[in-house]
Number of protein chains: 2
Amino acid sequence: MSPASVRRTEGGGGHDPIAGYDPRGFPPLAVTVDLTVFTVHAGLLKVLLVRRGEPPFQGDWALPGGFVREREGVEQAARRELAEETGLVDVPWHLEQLATYGDPGRDPRMRVVSVAHVALIPDLPVPRAGGDAAAARFWPVEDLNLGRRRSAHTPRLAFDHATIVADAVERVRSKLEYTTLAAAFCTEPFSLADLRRVYLAAWGYAPELANFRRKVLSTDGFVVPDQVSEVPGGRGRPPLLYRRGPATTLYPPILRETDAPE
Amino acid sequence: MSPASVRRTEGGGGHDPIAGYDPRGFPPLAVTVDLTVFTVHAGLLKVLLVRRGEPPFQGDWALPGGFVREREGVEQAARRELAEETGLVDVPWHLEQLATYGDPGRDPRMRVVSVAHVALIPDLPVPRAGGDAAAARFWPVEDLNLGRRRSAHTPRLAFDHATIVADAVERVRSKLEYTTLAAAFCTEPFSLADLRRVYLAAWGYAPELANFRRKVLSTDGFVVPDQVSEVPGGRGRPPLLYRRGPATTLYPPILRETDAPE
DNA sequence: ACAAAAGTGTTTAACCTACACCCATGC
DNA sequence: GCATGGGTGTAGGTTAAACACTTTTGT
């Protein structure tokens, strides 16, 4: 292909620094945000999926998401969708961009470029998930058989959402290694054992206990001690409680074992 | 705002799992790829910029990039643009997605969502940069005064490209820490001193020599020894030469000093 | 001989691993 | 008492940081 030729043709250009362009004549194209909302519940890492009511992929499970509106930024759209889908407002969730998926044909209806995000929320009672509780649920990641063959009870994922979820899961697992993001899964206040159980859920095994505590407590700003307004509920020794600290990175990281479990 | 309402209105939906949609009636919107092409030349980390010939931002410097075509994936578009802009074909460059920038108003002409990429190329004589050699050049990153106030001779960057370049520079600097990507900047074969000079250029200082060598040589697959077809050119001891190995990650990383220079 | 560039050795301190042990509570 | 869940101490091995030193070439 003749390089730099197409960009120079009339009607081309655009963001291109050389030519101007004509807003008409663009093929219909949509930009959406997709959300991979993770939580840890009952000892399992789970992701929010919505059951599709119409074709294509009717009956399959998909990531929540929606269009980026005309006068709205991409990040803004993701925050709005997250609030809409979970019903949670003013909740301390973590949100970050994952990657953009734009292969032609990923949506059979039209060209859709989707900016996928990762959100982490604590294990709260979610008031409403997607407006239609029956059609939305948190699926344990291990039940999705990502990367393995689908079996009888594995939900089918719409579009390229299996790829997106797989990328998102890997992002979450690796971010637990070198950031303090595990605390984003905990409802405050939390014990160090709670925090450690996040790693157990996400990785399939937990870091060695004594070393884990030392690591967390010696990392300035990972957690901060909470008032020990202790309700002695359990039947073991009552734990010390903490809240999320201002730190974000963790160095040296808490490394996973190389042969990643699950 | 009534949650989950807009997505359900007729004509809405789309990627939305609930409603179908009508391809007409989408506001004109373009998806582009922007490229931050880095190289190390004369001991400096440099990024490829193109001088704009027309408004908006006429005369300012911008990242090379262009439209994603109708039947083309985002990654594919980035590869095509990279080949077009640099004139390099079948060159072992590294290309990865950086992030997507989609704030409304980032391009005054229309809504443009841009998927930014980072490319790393060795210090090769670039046959043609953007087709118009006069309008394209590699700028030393330190001359862009990113994050600092512009001074007299600082080039002005178009659109939000200062943000994108800053993010890209940070990505490159941090990836040198925990990946073997430094080798992507070297022309093969290269010496360990060459490789170390990449760190010097990118970080403003170089890792301690002895530890650096041990690190690189003890990391399986970072570099592989090359035939010592040695042309004794220099005036010191001739170096052993290497080529890029198959490894991609580096653990433990070669950490930067926290008070990042420049 | 000397400078320049490349490459090596050695000591020290940090810190992660592993594993054994102690504390507080409910039954 | 004892089971259960929390929390602590300590010995040992690995390895990265720092710095001094040796080798090979050109002039």
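In what follows, chains carry the letters A, B, and so on, assigned in the order in which the sequence lines appear, proteins first and then strands, with residues in each chain numbered from 1.
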In this structure, how many angstroms lie between the [atom2] atom of [N] and the [atom1] atom of [X], rounded?
{"X": "B:Phe212", "N": "D:dA18", "atom1": "CZ", "atom2": "C1'", "value": "17 Å"}
{"X": "B:Lys215", "N": "C:dT8", "atom1": "NZ", "atom2": "P", "value": "18 Å"}
{"X": "B:Leu240", "N": "C:dG7", "atom1": "CG", "atom2": "P", "value": "5 Å"}
{"X": "B:Arg197", "N": "C:dA4", "atom1": "CZ", "atom2": "C1'", "value": "12 Å"}
{"X": "A:Leu195", "N": "D:dG7", "atom1": "CG", "atom2": "C1'", "value": "15 Å"}
{"X": "B:Leu250", "N": "D:dA16", "atom1": "CG", "atom2": "C1'", "value": "13 Å"}
{"X": "B:Ile254", "N": "D:dA18", "atom1": "CD1", "atom2": "C1'", "value": "16 Å"}
{"X": "A:Tyr205", "N": "C:dA18", "atom1": "OH", "atom2": "P", "value": "10 Å"}

Self-check item: Step-by-step side chain to side chain donor-acceptor pair (under 3.5 Å) determination, B:Asp34 to B:Tyr101
Solution: CA-CA 10 Å; B:Asp34 278 330; B:Tyr101 298 79; over 6 Å; no
Self-check item: Flag, side chain of A:Arg173 to backbone of A:Ala202, donor-acceptor distance under 3.5 Å
Solution: yes
Quiz prompt | Backbone N/O of B:Pro207 and side chain of B:Arg196: donor-acceptor pair under 3.5 Å | solution = yes
Quiz item: Side chain of B:Arg237: nearest nucleotide among D:dT8, C:dG9, D:dT24?
Solution: D:dT24
Practice problem: Tell me which nucleotide among C:dG7, D:dG7, C:dA18 gets nearest to the side chain of B:Leu209. | Solution: C:dG7
Quiz item: Any donor-acceptor pair under 3.5 Å between the side chain of B:Arg214 and the base of D:dT14?
Solution: no
Quiz item: For A:Ala210, which contact category applies under a 4.0 Å heavy-atom criterion: base, sugar-phosphate, or nothing?
Solution: base
Practice problem: Begin from the C-alpha positions of B:Gln97 and B:Glu75 and carry the test side-chain contact (heavy atoms from CB on, under 4.5 Å) through to its verdict. | Solution: CA-CA 8 Å; B:Gln97 197 178 300; B:Glu75 157 117 18; over 6 Å; no
Quiz item: If you draw a 6.0 Å radius around CZ in B:Arg243, do more than 12 non-hydrogen atoms from other residues or ligands fall strictly inside?
Solution: yes
Quiz item: Does B:Arg213 place a side-chain N or O at less than 4.0 Å from the phosphate oxygens OP1/OP2 of D:dA17?
Solution: no
Quiz item: Between B:Asn211 and B:Ser191, which is nearer to the 5' end of DNA chain C once each is assigned its nearest nucleotide?
Solution: B:Ser191
Practice problem: Please figure out whether A:Glu208 or B:Glu208 has its closest DNA chain D nucleotide nearer the 5' end. | Solution: A:Glu208
